[in-house]
Amino acid sequence: MAVTIKSAREIELMRESCKLLADVFQNLEQAIRPGMSTKDIDILGEKLIRGHGCIPNFLNYNGYPASVCVSVNDEVVHGIPRADRILQDGDIVSLDAGLIYKGYHSDMARTFAIGTVSEAARLLIERTKQSFFDGIKMAKAGNHLYDISNAIDASISPYGYGIVRDLVGHGIGTSLHEDPQIPNFAQRRHGLKLHAGMTLAIEPMINMGRADVEWLDDDWTVVTEDGSWSAHYENTILVTDGEPEILTLY
Ligand code: MF3
Ligand code: CO
């Protein structure tokens, strides 16, 4: 899949797609509470997406069976929603979802605290979010991909957390996953030069312990190998000649 530069018209469609997705997340954040199942979150997410007249782009993607990935505690990403997985006070839950509006995809993720969480979990969530913001400062026309990757790595490295290496950010547009791939750890290779009109999903996935992950037998759920908890923060952004625009911000 090639790297694409969006036209002014396409950028408008991406903006709208991302705005609607941010609204879905705002509603999900308000709804989640202890006692809810991860399946309840998926049902609500799908309802909110379809309520905007949009299509959930994760549903049936390579056979993925839900609209929202719901990953709890040591689950890094791609948790499959289940009626018997109940959120408890003190858990952290990562929601990852996207939608298609008039052919244009959006993609975002957040990790939320359920009730009162440990200070260590709160810091993990906050620092993962901060690493995204440190990364996108570099997402300017004329910079290279490795400027983003290196900034995320530098943001996280003081804490000794594990930066997930097996999953990366990506271009996004008329497909959920376009080139380029965007690693969240330091690169020597400069990679692609950034141009105004590129839309990218930048998504650090950070483990409290080691970086290694493994896949469960459901073929989807990614968990940390050492059982440590993990956080995720993703936005779809637009590269411009000036400051980058965060299209899914709320
Ligand atoms: N949100 C993932 C990403 O950021 C994609 C999930 S695809 C699914 O790239 F099939 F798991 F839903
Ligand atoms: Co993504």
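Each ligand, and each atom within it, is numbered from 1 in the order the structure gives. Source: prediction; values computed, not measured. Only this structure's heavy atoms are used, side chains among them; waters, hydrogens and symmetry mates stay out.
Between the Co ion (ligand 2) and the N, O or S atoms of Asp107, the shortest distance is to OD2. Distances from the Co ion (ligand 2) to the N/O/S atoms of Glu203 are shortest for OE2. Distances from the Co ion (ligand 2) to the N/O/S atoms of Glu234 are shortest for OE2.
Residues Glu234 and Thr248 approach most closely at O-OG1, 4.5 Å, considering heavy atoms. Trp215 and Asp166 get closest at one heavy-atom pair: CH2-CB, 4.0 Å.
Residue His78 has no nitrogen or oxygen atom sitting less than 3.5 Å from a nitrogen or oxygen atom of ligand 1, judged on distance alone. Residue contacts with ligand 1: Glu234 is placed with a nitrogen or oxygen under 3.5 Å of a nitrogen or oxygen of the ligand (distance criterion only).
Which parts of ligand 1 touch His170 is read off a 4.0 Å heavy-atom cut-off, strictly below it: atoms 3 (C), 4 (O), 9 (O). Annotation for ligand 1: atoms under 4.0 Å from non-hydrogen atoms of Asp96 are 1 (N), 2 (C), 4 (O). Distances below 4.0 Å separate heavy atoms of Glu203 from the following atoms of ligand 1: 3 (C), 4 (O), 9 (O). Listed by number with element, the atoms of ligand 1 under 4.0 angstrom from any heavy atom of His177 are 3 (C), 5 (C), 9 (O).
At a heavy-atom cutoff of 4.0 Å, ligand 1 is contacted by the side chain of Cys69 but not by its backbone. Contacts with ligand 1 closer than 4.0 Å are made by side-chain heavy atoms of Asp107 only, the backbone lying farther away.
The pair Glu243-Lys140 counts as a salt bridge, with a side-chain nitrogen and a carboxylate oxygen less than 4.0 angstrom apart. A salt bridge is defined here as a Lys NZ or Arg NE, NH1 or NH2 lying under 4.0 Å from an Asp or Glu carboxylate O, and Glu12 with Arg9 fails to meet this definition. One finds a salt bridge joining Glu75 and Arg85 here, because a Lys/Arg side-chain nitrogen approaches an Asp/Glu carboxylate oxygen to under 4.0 Å. Using a 4.0 Å cut-off between charged nitrogen and carboxylate oxygen, Lys129 and Glu126 do not count as a salt-bridge pair. For the pair Arg15 and Glu245, the salt-bridge criterion is met [side-chain N within less than 4.0 Å of a carboxylate O].
Residues Asp107 and Asp96 form a side-chain contact, since some pair of their non-hydrogen atoms from C-beta on lies under 4.5 Å apart. Residues His105 and Leu99 fail the side-chain proximity criterion, which asks for heavy atoms closer than 4.5 Å.
Scanning the protein for heavy atoms near atom 10 (F) of ligand 1, the closest one is Tyr64 CB, 3.1 Å. For atom 11 (F) of ligand 1, the nearest protein heavy atom (residue, atom name, distance) is Trp220 CZ3, 3.4 Å. Of all protein heavy atoms, the one lying nearest to atom 7 (S) of ligand 1 is Tyr61 CD2, 3.6 Å.
Taking backbone and side chain together, His177 holds no N, O or S atom under 2.8 Å from the Co ion (ligand 2).
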Could you go step by step and tell me if Tyr101 and His52 meet the ring-ring contact (aromatic ring centres under 6.0 Å, His included) rule? CA-CA 9 Å; Tyr101 169 78; His52 284 310; 9.5 Å; no
